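Here the structure is laid out as structure tokens; the discussion comes afterwards.
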Amino acid sequence: MAYFILRRAFQSVLTVLGVMTVTFFLVRLAGDPALLLLPVEATDEDIRRLRSALGLDQSLIVQYVKFLTNALGGDFGVSLRQRTSALDLVLERVPATLELALTAFVLGILLAFAIGLLMRLTTSAKVRTTIMWLALARQAIPVFSFGLILILIFSVWLRWLPSLGRGTIQHLVLPALTLATYELALYLRLFNASLSAEQRQDYVRTAYSKGQSRTTVILKHMLPNALLPLVTIAGINLGLLLGGTVVTETVFSWPGVGRLIVQSVSQRDYPVIIAGVFIISLIFVLVNLIVDILYGFLDPRVRVA
Amino acid sequence: MRKIRVSTGVALALLFGILLLIAVVPLLPTYDPYGQNLSASLLPPGGVSFDGRMYLLGTDTLGRDMVSRLALAGQVSLFIGFSAVIVSLVIGVALGLLAGFFRGWVENVIMGIADLQLSIPRVLLLIAVAAILGSGVFKLAILLGLTSWVAYGRVARAMALSLREREFVLSATTQGATATWNIRKHLLPNVLPQMLIVGSYELGQIIVLESALSYLGLGVQPPLPSWGLMVSEGQTYLELDPWLSVLPSIALFMLVAGVQIYSQTFTSENDMSAEVVKAS
């Protein structure tokens, strides 16, 4: 087990290095940072001086190594607009993003679990088909459309909940619902599919032939097995969730990392964009690592693979 | 069986509605996605302007005909969607087959890139790249294509791994067939049907991604319309005229739901769908 965790952690470090390499080349593609930093009326002499001050006149390899060491020390440069550390600007926004993402994640997975189980326990085919159709429909509505429809109903028409900003619990309801229902639809369909797959297994038939009740078979035998795929998918889909957070934050003016990134794009504030992408990727890689280790505990076969 | 037939019917009805919008509306004499008429702005669906013209789905803030703009936006979305699927399918199949057939370092490098790409959320990667390289219809199609090959790559590799051990490939190899010949004649035809299934699933995803980017202002640029862009333009007027955001949302829903339900009838909830979701 220790070997498995070590190897997985090493892979994560490699991934983080890879992400940083990609971001480095993205920065270079963005053009000369010296030109972006200086006012339009700067002379060639000014540009040359700043370039050498920033180390831009050195070879790409030297610059790359310098970028890596800087980034490892948490230095992503200074925001071109706010003139403060890009990383600090991003870290300030992390709690808001985590609050939204975690609420949506927990809400989505709990609801999927409850509804999926009830769906399996009920004998009414009508209920089951209706729920599956609703899930399918929810999956076909993009995050921003769904968010706007919620705003329209609950803020504009009913005037029950605020549509913008962060602060009280009421502010959290609509953005969290927007994200959670998307998660819910996805997990519900996967949970249902994996429960259906378990139903065809031999051990289920054996359990029924022993005379066990339907409820016992579902809860005691099928459920533990059907949960494993859900854990993996939940980890893998965290990328989707984090991506969805970016859009949701923009819809509801939620002051998180995603909104900061989108705002920085319109202001061409590259250091902030890079630091933001890096931090979200880092969160994503870390969570995936945790999920994989959990999975190793749940299913011994994974450790060898 | 009955359930599949019902869902196919629903999918076809939704897709037919979209087809009607994007193929028939441009043929109408009133088709004009750009013409502004400030005296007829923010009309609701069926609204009549002062000069007596009836607007089927109303007008936007600049008095432009909504139905025409929705139709043009649909064409733009479908163009980007199909181009991106083709680009990513070609890249994904090529890399996946190479990885699965040659194994060794080729496989390690290709799958390493795939894992790396999966470790950055796709929307975020696209935001960063679009922010730096700029956006536009063609750039968007290529960017979406370049960032979406992993789903095909993984499935193609998994299939190539088992195909390369099959008798017909082994026998061809013993008779002196080259790797190129084997990949082209034996692997490619065997993985293509599966790849088209992945592609039909991905089409919906890509259309949603494009609309999300356009909503964020990083995709299709005005004055060209896109459903995502129209939703965001309408958000400011949500209280005054909710139709501006609701109509493009409905159009998006019809297209995406149609494509998804249709692609589902191929995979019909078996292991394949889980595999595709995992790989994307």
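Chain A is the first sequence line, chain B the second, and so forth, proteins listed ahead of strands; every chain is numbered from 1. Here the structure is a predicted model, which is why all the values come from computation and not from measurement.
The residue among B:Leu126, B:Val259, B:Val231, B:Val208 with the most heavy atom pairs within less than 4.5 Å of chain A is B:Val231. Residue with the most contacts toward chain A among B:Ile250, B:Leu216, B:Ile207, B:Val246: B:Leu216 (heavy-atom pairs, distance under 4.5 Å).
When heavy atoms are compared at a cutoff of 4.5 Å, A:Val262 approaches chain B solely by way of its side chain, counted from C-beta outward. Heavy-atom distances place no part of A:Gln11 under 4.5 Å from chain B, backbone and side chain included. For a residue to count as touching a neighbouring chain, one of its non-hydrogen atoms must lie under 4.5 Å from one of that chain's; by this rule A:Val143 does not touch chain B. Heavy-atom distances place no part of B:Leu213 under 4.5 Å from chain A, backbone and side chain included. Proximity to chain A involves both the backbone and the side chain of B:Val256, based on heavy atoms less than 4.5 angstrom apart.
Counting all heavy atoms, side chain and backbone alike, A:Arg159 lies closest to B:Glu239 at NH2-OE2, 2.7 Å. When every heavy atom of B:Ser249 is checked against every heavy atom of A:Ser145, the shortest pair comes out as OG-OG, 2.9 Å.
A:Trp254 meets the side chain to side chain donor-acceptor pair (under 3.5 Å) test with no other residue; sequence neighbours excluded. Annotation: ring pair (Phe, Tyr, Trp, His ring centres under 6.0 Å) contacts of A:Phe252 (sequence neighbours excluded): none. For B:Phe138, the ring pair (Phe, Tyr, Trp, His ring centres under 6.0 Å) partners two or more places apart in sequence, or in a different chain, are B:Phe79.
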Do B:Leu124 and A:Val246 pass the side chain to side chain contact (heavy atoms under 4.5 Å, CB included) test, and can you show the C-alpha distance, the side-chain angles, and the key distance before you say yes or no? CA-CA 8 Å; B:Leu124 219 56; A:Val246 175; 3.5 Å; yes
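Of the inter-residue distances, the one linking A:Ile280 atom CD1 with B:Ile127 atom CD1 reads 8.5 Å to the nearest 0.5 angstrom. With values rounded to the nearest 0.5 angstrom, A:Phe144 atom CZ is found 9.5 Å from B:Ser245 atom OG.
Contact of the A:Thr15 side chain with the B:Asp115 side chain is not registered, since no non-hydrogen atoms from C-beta on lie closer than 4.5 Å.
Close approach to chain B, defined as a heavy atom under 4.5 Å from one of its heavy atoms, is seen in A:Leu148, A:Ile151, A:Leu152 of residues 146-155 of chain A, taken by number.
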